[in-house]
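Reminder, nothing fancy here: chain letters follow the sequence lines and each chain counts from 1.
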Amino acid sequence: MKNRDITLHINGEQYSLNVAVNRTLLDVLRDELGMTETKYGCGTGECGACTVLVEGKAINSCLTLAATMDGKRITTAAGLSDFGRLDHIQQAFVDEAAIQCGYCTPGMVMKTASLLAKNPDPSEAEIRHALEGNICRCTGYEKIVKAVKKAAQTMPGRATAVERCKEVVQ
Amino acid sequence: MSEETIVGTNAPRVDVRDKATGQAQYAADIQLPGMLYGKVVRCWEHAHARVKRLDLSAAAASPGVVRVIGPKDVTAKRYNSSVLDLMVSESMHDMLGDIDDQPIFTEHVKFQGDAICGIIARSEEAAERAAAKIVVEYEPLPVYLTAEASRAPGAVQFTPEKPGNLAFQLPEAMFPNHALGGGDVEGAMRDADIVVEDAFYVPKQKQCQMEPHAYVAKVDSGGRLTCWTSSQMPKLVQRKLAKLFDLPMNLMKIVPTVIGGGFGTRLGMISEPQACAMALAVPGHPVKLQTLREEDWVISPSRHPGKYWMRIGFKRDGSPVACDARFENYKGGYYLDASGTAFTAGAWLGGMYRFPALRYRGESYFTNQGLTGAYRGYGNPQTNFVLEQLIDRGCAELGADPVEWRKKWHKGVGDDGWCPGVTYPSCALDECLDRGAAAIGWTEKRRKYAKQEGTIRRGVGVAVMNHTSGAMPMLLEHTACTVKLNEDATAEVLFACSDMGQGSHTALKQIAAETLGFPFEHVQLSSGTSDVAGFDIGAHASRTIYVGGAAVKKACEEAKRQLFERASLQLGVPADELDIRDKRIFVKADPARGIQAEAITRAGVYHFVDPMTGEPGGVPGQIQGYVSFFAPHNSPPFGASFAEVEVDTETGEVRVIELVNAHDIGRAINPAAVEGQLEGGIQQGLGFVLSEEMDYDAKGRVQNNSFTDYKMFGPEDMPKITTILVEDADPVGPFGAKSVGESGLVSPIGAVANAIFHAIGIQFTEAPITPEKVLKGILEKGVRNYAAIRRS
């Protein structure tokens, strides 16, 4: 199997790696870098547990070959928070009791970050649509949807973001 | 108005910050020095076969492989991966006929995914590559997917102890004529004015917990085997593994990990025996065994499917006279849980309505489907689908309102619950029905939808359920709990029962803090490892708060008693005249007189002699409360669900518009967590009734072991949800609490089925009620207005 030298910018840190070309980003994060905050749920892009942000966009890291990520900026759930200090999305999930077993949570949080970056004021229907690729088996999605709404309301710089999006739409 | 300040609040979950940032450590996240990787080689091509030849040599020579082990390299002992058999006495065990029939690696494949051998390698990839080099030849055997097929004369016998492949039926010694119930069913049916009867099929639903099963196991230099596992029942798994590997329990250590959802699938063991067998083959090296999702689907037990026949007789005045039922479930290839669900499906049937005569027969037949075992609801969803539809059919024939009929005939306080002799201490089902009916607009919508035109039809339906709070009296109900007071008057509670994600540890911590009179933040709760924590059955039967909470409360009361005893010496006031708030002990009649708890706990630990007086300060000794608690009773919860559905009569699609779950939970220790249980239960209940089932081809191979092919309700499919917590404090449960873990899933099933009946006048006897079945039903029977099928 061929290897390739790549550089990843993960949660603000730079990592120079030599990865086999068949390794997924999920494998590299978990097995080579020990970043186990990103979870393996299915390995086939069906459950969203492995969702991370690449250049601010949510992707399934289990479907992404690490070798194709050279030079990319990657954010995981641990990257949203300083140790022990949650960001507004994670805090909203805590406040709304949207976390039960927690296995889908890192992926849900990343998907929410991606949604709110594109749409800072999503309707309930838009939230539910955005979460379709992220499976939760504990909550019935009820409190997760509430958490995403709350995250939108508590997003830093919300007013500016909402205005900017309106302009884009117009 | 209750006086509690912590119980009844939405205290933040204890594990939630770690889960929000991904720092919570599930079994797959564990990395240990020198770790090796295991891979179980499974039979994927056959569901029933004998292994004719197994050659491990090419795999053993594959790069990166450390060891390859087959059936001859591991103990020949067999096991039963469920732990139910440990929760009954030996005589009960014999009466039930529980057997150990699972080998670690098999030479007789009984279901697709049965384990053939194991590979231990330096990386997962090396193990995968070696797995492809295992040479195995099979002799295919006939595949039996139903009870009818496996009990046919001449069928291959799954195990010699169970002739006719009848894994279990209710034992004659406990249930005459192998039937649960009593009264003259045949006579009552003859006297009935109306008899409703049908044969149903209930589906094989999968738990689909988000965390695939993973394990780490290691043998240390002292010969102690340690297994990191997310089992729901760590203490019983410890005993099972010790027995399987002939180890004294002190040399079999279990480290419980964070659990990524259970819903019953982790009730007992799944691949712990294989993980431990691999570790024993490479002493000193930790071995990690990560199950792939598609593998998890096939090897972990699912809900029991099968045929469920029932008939119910009524008098013209609406009174039920008898219920007669038979559930023939299709086990997988092994015995595990064969006795449990076959019994409980009937137990909950008996616990629901005041039938003067009842006969329930439950049987489990081996088949070559995947394993069946515990799944949230444990027989109750199957019964709900059948019973609640037949009750509504009866109501239609009687011209009775389904809500009013249920209010009149459900069992309540003082009636026998699901086990005769254990009466219901509390029941607020009427209030559930009233508040649920009001929330959905029952009266108006029942009338409005009874007569409709057009291709889109709406309906509203109701269903009720009773469940359980622990498994007393059928199974052992025992929890040990220790609470230790630190010198700064903070508390550490040790309690072996796992939190599967329900939030039980948070609620238990609330109970501990409330009982001690300490702030929530000054109590720590840990499930410990098996060598540290005391005995506990585990998280099953919705018991953690009702039984475990009572144990935590008692242990904390004991610690508080010791604290007050010492305070009483200091204050010169009898202990029973003291109270505590926010760690300050005070005289009830004179709150200004008091002492900080810390002054007592510190003096107990740092018991110095005063250098000036030569006198010791305070009473010596660290305060610890301990209880070995056996549940004295069982206070089942009740629930009523209301569904509004829309049926497209051209496509057969059923859309659930609204689901109201009104539950009598006694008391919500943490209301947000209780709501979470009921909301999550709805998602799984809707799946049972409308979309979820494992499909097999004729050769017994699973066709839909992926999230794309197995349809669960997603965020856009979910209806509007209304959760109603009916709090009518139970006289037995801790702070009045009953259970909530499983029950939310159950009655949405009957409610949706009955709403479909109301919408199009057709009942469906096979779950899940997919669009294909709806269209077929419409083609065969035609859409009818509900008003037209009522006789009165």
- Query: For A/C101 and B/Q209, what are the C-alpha separation, side-chain angles and deciding distance, and is it a side chain to side chain contact (heavy atoms under 4.5 Å, CB included)?
  - Reply: CA-CA 9 Å; A/C101 88; B/Q209 82 296 339; over 6 Å; no
- Message: Show the nearest heavy-atom pair for residues A/G140 and B/Q683, with the distance to one decimal.
- Response: CA-CB, 3.8 Å
- Message: Please determine whether the number of non-hydrogen atoms from other residues, nucleotides or ligands lying under 6.0 Å from atom CZ of A/R158 exceeds 12.
- Response: yes
- Message: Taking side-chain contact (heavy atoms from CB on, under 4.5 Å) as the definition, give me every residue that meets it alongside A/T139, ordered by chain and number, with sequence neighbours left out.
- Response: A/Q100, A/C136, A/I144
- Between A/G41 and B/P212, the two heavy atoms sitting closest are O-CG, 3.6 Å
- Contacts satisfying side chain to side chain donor-acceptor pair (under 3.5 Å) that involve residues 60-72 of chain A (not counting sequence neighbours) are none
- Item | Partner chain A: residue of B/L292, B/N670, B/I682, B/D499 with the largest heavy-atom pair count (under 4.5 Å) | B/L292
- Check whether B/T291 gets within reach of chain A through its side chain, its backbone, both or neither, counting any heavy atom under 4.5 Å. backbone
- Closest approach of A/E37 and B/T21, non-hydrogen atoms and distance? CB-O, 3.5 Å
- Query: So which of B/G501, B/G681, B/P715, B/G22 has the largest heavy-atom pair count under 4.5 angstrom toward chain A?
  - Reply: B/P715
- Message: For a side chain to side chain contact (heavy atoms under 4.5 Å, CB included) check, start with the C-alpha distance between B/Q25 and A/T36, then their side-chain angles and the critical distance, and finish with the verdict.
- Response: CA-CA 8 Å; B/Q25 201 169 48; A/T36 54; 5.6 Å; no
- Checking heavy atoms, do the side chain of A/K143, its backbone, both or neither come under 4.5 Å from chain B? both
- Message: If I measure from the heavy atoms of chain B, does A/A97 come under 4.5 Å with its side chain, its backbone, both, or neither?
- Response: side chain
- Side chain, backbone, both or neither of B/A24 within contact of chain A (heavy atoms, under 4.5 Å): backbone
- Note on the structure: Of B/P12, B/G687, B/G680, B/A672, the largest count of non-hydrogen pairs under 4.5 angstrom with chain A goes to B/G680
- Non-hydrogen atoms of chain A under 4.5 Å away: do they reach the side chain of B/M500, the backbone, both or neither? backbone
- Message: Between A/R30 and B/D29, does the side chain to side chain contact (heavy atoms under 4.5 Å, CB included) criterion hold? Intermediate values first, please.
- Response: CA-CA 8 Å; A/R30 287 182 59 83; B/D29 300 334; 2.8 Å; yes
- Item | Max heavy-atom pair count under 4.5 Å with chain A, selected residue of B/Q207, B/E125, B/E124, B/E294 | B/Q207
- Shortest non-hydrogen contact from B/A20 toward A/L86: CB-CD2, 4.4 Å
- Message: Heavy-atom cut-off 4.5 Å, strictly under: side chain, backbone, both or neither for A/I135 against chain B?
- Response: both
- Ranked by heavy-atom pairs below 4.5 Å to chain B, first place among A/E96, A/K39, A/M35 goes to A/K39
- Ranking B/Q31, B/Q684, B/E675 by heavy-atom pairs under 4.5 Å to chain A gives rank one to B/Q684
- Query: Tell me, which pairs form a ring pair (Phe, Tyr, Trp, His ring centres under 6.0 Å) where one or both residues lie in residues 101-157 of chain A, sequence neighbours left out?
  - Reply: A/Y103-B/Y26
- Message: Just verifying a value: how many Å separate A/C138 SG and B/Q502 CD, rounded to the nearest 0.5 Å?
- Response: 8.5 Å
- Query: Is the side chain of B/R13 donor-acceptor paired with the backbone N or O of A/I99 at a distance under 3.5 Å, no angle test?
  - Reply: yes
- Item | Portion of A/E124 that has a non-hydrogen atom of chain B nearer than 4.5 angstrom | neither
- Message: Does any backbone or side-chain atom of B/S123 lie under 4.5 Å from a heavy atom of chain A? Answer side chain, backbone, both or neither.
- Response: neither
- Item | Contact residues of residues 257-264 of chain B (partner chain A; heavy-atom separation under 4.5 angstrom) | B/I259, B/G260, B/G261, B/F263
- Which pair of heavy atoms, one from B/M210 and one from A/R137, lies closest together, and at what distance? CG-N, 4.2 Å
- Task: Please report the C-alpha distance between B/V16 and A/F93 in whole Å, then the side-chain angles of each, then the deciding distance to 0.1 Å, and finally whether the side chain to side chain contact (heavy atoms under 4.5 Å, CB included) criterion is met.
- Result: CA-CA 9 Å; B/V16 82; A/F93 273 68; over 6 Å; no
- Could you go step by step and tell me if B/D717 and A/R128 meet the salt bridge (charged side-chain N to carboxylate O under 4.0 Å, His left out) rule? CA-CA 9 Å; B/D717 306 316; A/R128 287 182 181 271; over 6 Å; no
- Is a side-chain N or O of B/E716 found less than 3.5 angstrom from the main chain of A/E132, in a donor-acceptor match? no
- Message: Taking side chain as everything from C-beta outward and backbone as N, CA, C, O, which of these in A/D95 sits under 4.5 Å from a heavy atom of chain B? Side chain, backbone, both or neither.
- Response: neither
